[in-house]
Amino acid sequence: MLDVEDERVATAAGIRVRHCDPVIHGVLFAWLDSANSRHEFEPELSRCARIISAYLLAESEPRSVNLAGRSGERSPGMMQLAFLKVPSRISVDEWFNVWRGDHTKVALDLQSTFLYRQNLVVRCLTSHDPGFSAIVEEGFPEAAMSSREAYFAAKDATELAARAAAMWESSKRFIDFADLDVLPTSEYVWSA
């Protein structure tokens, strides 16, 4: 899967959060039999990207509705990627338990996601490591790019305010927002 910031997600610019330097513009997710196989792809990726970071991930998928079209075509909607770091104010165990424990249900209940995938970073495999602890993939309907009501699946302004506040309260327990990157992308899936 290739998730890339392109013109198809331009209306989601308000969702974009940038703290990482250099700025992230895309992510390639590949399932490999061995992490060492990444070396086969890196020369080609180097032609498209100035800096590459590769991660070994442990994936969990609490919600998945496969909306991908034919191989190589853009998937419907928007994929939002959130790059998380464990804040220094809490332990790794506490962070993990809040994120993968009760926050998962909060996120699933409050947002209009059709896909919610949690990728725990096991280790960085390259010399360039921004220090991410996890990468979250959330699939949203097209309307969520420009409508907060659609993003939060809210019927009216009152429900929107309540859902947004509840999401904020849950998220701030395990996210340092001054160290968070969020990237709205188009997703392209290739099948083997």
Side-chain angles (χ1 to χ4, degrees), residues 1-5 9 12-32 35 38 49 51-64 75 77-140 144-145 148 151-153 163-187:
M1 287 184 302
L2 176 65
D3 289 277
V4 63
E5 182 179 37
V9 293
I15 297 170
R16 182 68 150 111
V17 178
R18 292 183 173 127
H19 289 107
C20 188
D21 183 26
V23 174
I24 304 163
H25 294 287
V27 174
L28 175 67
F29 292 96
W31 290 266
L32 306 173
R38 77 183 193 282
I51 296 174
I52 297 171
S53 296
Y55 296 97
L56 178 62
L57 303 173
E59 177 184 280
S60 176
E61 197 170 81
R63 174 174 289 158
S64 178
S75 300
M78 167 192 70
M79 190 63 67
Q80 174 180 284
L81 305 180
F83 300 85
L84 308 179
K85 295 179 181 179
V86 177
S88 58
R89 61 184 158 76
I90 61 176
S91 70
V92 173
D93 287 342
E94 182 182 357
W95 172 83
F96 184 83
N97 290 334
V98 171
W99 171 48
R100 295 283 283 270
D102 56 316
H103 179 77
T104 297
K105 180 170 176 18
V106 171
L108 294 174
D109 288 349
L110 296 178
Q111 300 177 121
S112 62
T113 52
F114 57 82
L115 181 135
Y116 188 71
R117 189 177 294 130
Q118 300 165 314
N119 298 292
L120 179 67
V121 172
V122 176
R123 65 174 293 132
C124 185
L125 302 171
T126 54
S127 60
H128 184 263
D129 181 7
F132 299 130
S133 304
I135 303 170
V136 178
E137 303 168 76
E138 296 174 292
F140 284 91
M145 286 194 264
R148 286 182 46 81
Y151 186 94
F152 283 104
R163 285 174 174 258
M167 189 67 177
W168 169 259
E169 288 301 317
S170 183
S171 298
K172 73 180 186 181
R173 295 177 300 152
F174 71 101
I175 295 175
D176 179 354
F177 292 99
D179 208 12
L180 171 71
D181 282 81
V182 178
L183 176 64
T185 68
S186 290
E187 177 187 74

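A quick note: this is a predicted structure, and the numbers were derived from the prediction, not measured. As a basis for the values below, the full set of heavy atoms in this structure was taken, side chains included, without hydrogen atoms, waters or symmetry mates.
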Donor-acceptor pair, side chain of Arg63 and main chain of Gly139, under 3.5 angstrom: no
So, does Arg38 use its side chain to make a donor-acceptor pair with the main chain of Thr126 at under 3.5 Å? no
Would you check if Val106 and Met167 make a side-chain contact, meaning some heavy-atom pair closer than 4.5 Å? yes
Compare all side-chain heavy atoms of Pro62 with those of Gln118 and state whether any distance is below 4.5 angstrom. yes
Got Thr113 and Gln80 here, is their nearest side-chain heavy-atom distance under 4.5 Å? no
Main-chain N/O of Glu59 paired to Asn119 side chain as donor or acceptor, under 3.5 Å: no
Other residues, nucleotides, ligands: >12 heavy atoms within 6.0 Å of Arg100 CZ: yes
Without swapping roles, check the side chain of Ser112 against the backbone of Phe152 for a donor-acceptor pair under 3.5 Å. no
Write down the atom of Asp176, the atom of Pro87, and the distance for their closest heavy-atom approach. N-CG, 3.8 Å
Between CD on residue Glu138 and CD on residue Gln111, distance to nearest 0.5 Å: 4.5 Å
Might you work through the side chain to side chain contact (heavy atoms under 4.5 Å, CB included) test for Ser171 and Phe177, ending with a clear yes or no? CA-CA 9 Å; Ser171 298; Phe177 292 99; 3.7 Å; yes
Go through the steps for Leu81 and Val27 under the test side chain to side chain contact (heavy atoms under 4.5 Å, CB included), then give the verdict. CA-CA 9 Å; Leu81 305 180; Val27 174; 3.7 Å; yes
Working to the nearest 0.5 angstrom, can you tell me the gap between Leu115 CG and Glu61 CD? 5.0 Å
Close side-chain approach of Leu84 to Leu180, heavy-atom, < 4.5 Å: yes
Parallel, tilted or perpendicular: which one describes the rings of Phe132 and Phe83, with boundaries at 30° and 60°? tilted
If you measure from OH on Tyr55 to CZ on Phe29, what distance do you get to the nearest 0.5 Å? 11.0 Å
Side-chain (Arg123) to main-chain (Leu56) donor-acceptor, under 3.5 angstrom: no
Within 6.0 Å of CZ in Arg89, more than 12 heavy atoms from elsewhere: yes
To the closest 0.5 Å, what do you measure between NE2 (His25) and CG (Leu183)? 8.5 Å
Looking at Arg173 and Ser170, would you say the former's side chain and the latter's main chain have a donor-acceptor pair under 3.5 Å? yes
Interatomic distance, Met79 atom CE to Met1 atom CE [nearest 0.5 angstrom]: 6.5 Å
Rounded to the nearest 0.5 Å, what separation is found between the CE atom of Met78 and the CG atom of Asp3? 11.0 Å
